[in-house]
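Encoded as structure tokens, the structure appears first; notes follow it.
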Protein chains: 2
Amino acid sequence: MSETNDRPYHHGDLRRALIDTALAMLAANQNWAFTLREVARRTGVSHAAPYKHFRDREMLLRELASIGFVRLGETMTEAMSPARPSTRAQFVAAAQACIAFACQNPGLYRLMFSSDADKTIDPQLHATAMSTFGILVGLLERGQCDGSFRPVAVNALAAASWAQVHGLAMLAISHQLLEEKVGPAPVPAALDVLLDGMCCPD
Amino acid sequence: MSETNDRPYHHGDLRRALIDTALAMLAANQNWAFTLREVARRTGVSHAAPYKHFRDREMLLRELASIGFVRLGETMTEAMSPARPSTRAQFVAAAQACIAFACQNPGLYRLMFSSDADKTIDPQLHATAMSTFGILVGLLERGQCDGSFRPVAVNALAAASWAQVHGLAMLAISHQLLEEKVGPAPVPAALDVLLDGMCCPD
DNA sequence: CACACAAGTTTCTCCTGTAAACATGGAGGA
DNA sequence: TCCTCCATGTTTACAGGAGAAACTTGTGTG
């Protein structure tokens, strides 16, 4: 009972393992209806073990959401980093990266913006989300400096474009951007409409 | 035990009463974490009674979402109906009505677009949601006919504006449109940006 | 080398969703 | 009038889940 049992009493990094299991289940089912006990079971520990690392089920969900924001931020930063011909092109790339992220991780993306990952009760999560939002603001500020975007309050631009991108992502996840309903390339089309309003007339 | 008991064995319209209770709890807590048993309890019936009217808990949630779409549609239609100076003004009114609805019913609005009200498994709900979406499409079509909006695929316009309005609503609900961050009137500002891209240059 | 503490496990209670069997009372036919 | 059916209630039962409490195990540190 104690010899070749390859599961030592102490797991080593159970916290990470639980998060990985939960992320896998989130990706597999595209929802977070899983129970904490199921996560524990699949991770191979007792059902009470998770409580040593997460106060309750919701805290685990907020942790997942936080990871989602970090990954989304990385994705967007990466999409913007290659030398693009213009700030506008950088914006389009970042927006498309965000929407692609949502399509590839629909469960996680939904969780990030759901009330089950309540940002008002978790300063840490709120800060992480704001940091991701800041990537967009930074891009818009640079665009204003180089004359690409209109010199209105940057946060108004940020609200408008964040709303647009997030709205498109949600529509895409909900399969409401079907080609026969909305044309062959709705995302670039919608972004163009927005950018026509955001960019300086030239 | 049977005299002044003002609760007859048969409720009369338990289905409606359960829905009303659930809507009230949704509004009170701004989430749908309530249990079916709690709904039954507050409605004053046994915990199994709801199953005579809803196959399971999710079916009740979808019913609530459906009611939400109907109400949203009414609100938007109403906002558009008074004689407005222009189609553009009608659009702004409808969009603001939608966002106001979301702010006044954040729980319900979230539920309507959550995966717990899965539209892919409920044709009735899907149809109701599409009908509400159709109000927007109708307005855009009229605007194209009278030359207000650019003559591109109407569904592309619909996707762009729906994304924008829905995105703004979600941001507003999440209290991310604070004045100090985003200016005094972010919604009209964002809608203007969008409309500048949607309307015919003139 | 002892031992305190972090990280597991077991056990327990209360609650939920949902199924099944039973009860009730109003509506429609004999 | 009365009987019987059925929709709509209730009671009872059960499988699980959340989370608390008490117990166990090993490991790092004096």
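Residue numbering restarts at 1 for every chain, and letters A, B, ... go by the order of the sequence lines.
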Under 4.0 Å between a side-chain N or O of [X] and OP1 or OP2 of [N]?
X: B:His47; N: D:dG9; result: no
X: A:Arg55; N: D:dA20; result: no
X: B:Thr35; N: C:dT16; result: yes

Sugar-phosphate only, base, or nothing, as touched by B:Arg37 at under 4.0 Å among non-hydrogen atoms: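 Base: the residue B:Arg37, judged by heavy atoms under 4.0 Å, touches a nucleobase.
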
Distance in Å, A:Leu14 CG paired with A:Asp20 CG, rounded so as to fall on 0.5 Å steps: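 Those atoms lie 11.0 Å apart.
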
Spacing between [X] atom [atom1] and [N] atom [atom2], to the nearest angstrom:
X: A:Phe54; N: C:dA7; atom1: CZ; atom2: P; answer: 12 Å
X: B:Leu60; N: C:dT18; atom1: CG; atom2: C1'; answer: 15 Å
X: A:Arg15; N: C:dA6; atom1: CZ; atom2: C1'; answer: 14 Å
X: A:Glu38; N: D:dA15; atom1: CD; atom2: C1'; answer: 14 Å
X: A:Glu58; N: D:dG17; atom1: CD; atom2: P; answer: 18 Å
X: B:Tyr51; N: D:dC14; atom1: OH; atom2: P; answer: 17 Å
X: B:Arg16; N: D:dT8; atom1: CZ; atom2: P; answer: 15 Å

Any pair counted as ring pair (Phe, Tyr, Trp, His ring centres under 6.0 Å), so long as it reaches residues 44-87 of chain B, sequence neighbours left out: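 Found B:Phe69-B:Phe113.
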
By nearest atom, which of the nucleotides [options] is closest to the [X] side chain?
X: B:Arg57; options: C:dG17, C:dG8, C:dT16; answer: C:dG17
X: A:Ser46; options: D:dT10, C:dG8, C:dT9; answer: C:dT9
X: A:Ala48; options: C:dG17, D:dA20, D:dT8; answer: D:dA20
X: B:Lys52; options: D:dT8, D:dA18, D:dA20; answer: D:dT8

Partner residues of A:Asp196 under the side chain to side chain contact (heavy atoms under 4.5 Å, CB included) criterion, sequence neighbours left out: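 Applying side chain to side chain contact (heavy atoms under 4.5 Å, CB included) to A:Asp196 gives A:Arg88, B:Arg150.
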
Carboxylate-amine/guanidinium contact B:Glu38 B:Arg41, below 4.0 Å: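 A salt bridge is present here (some side-chain N lies under 4.0 Å from a carboxylate O).
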
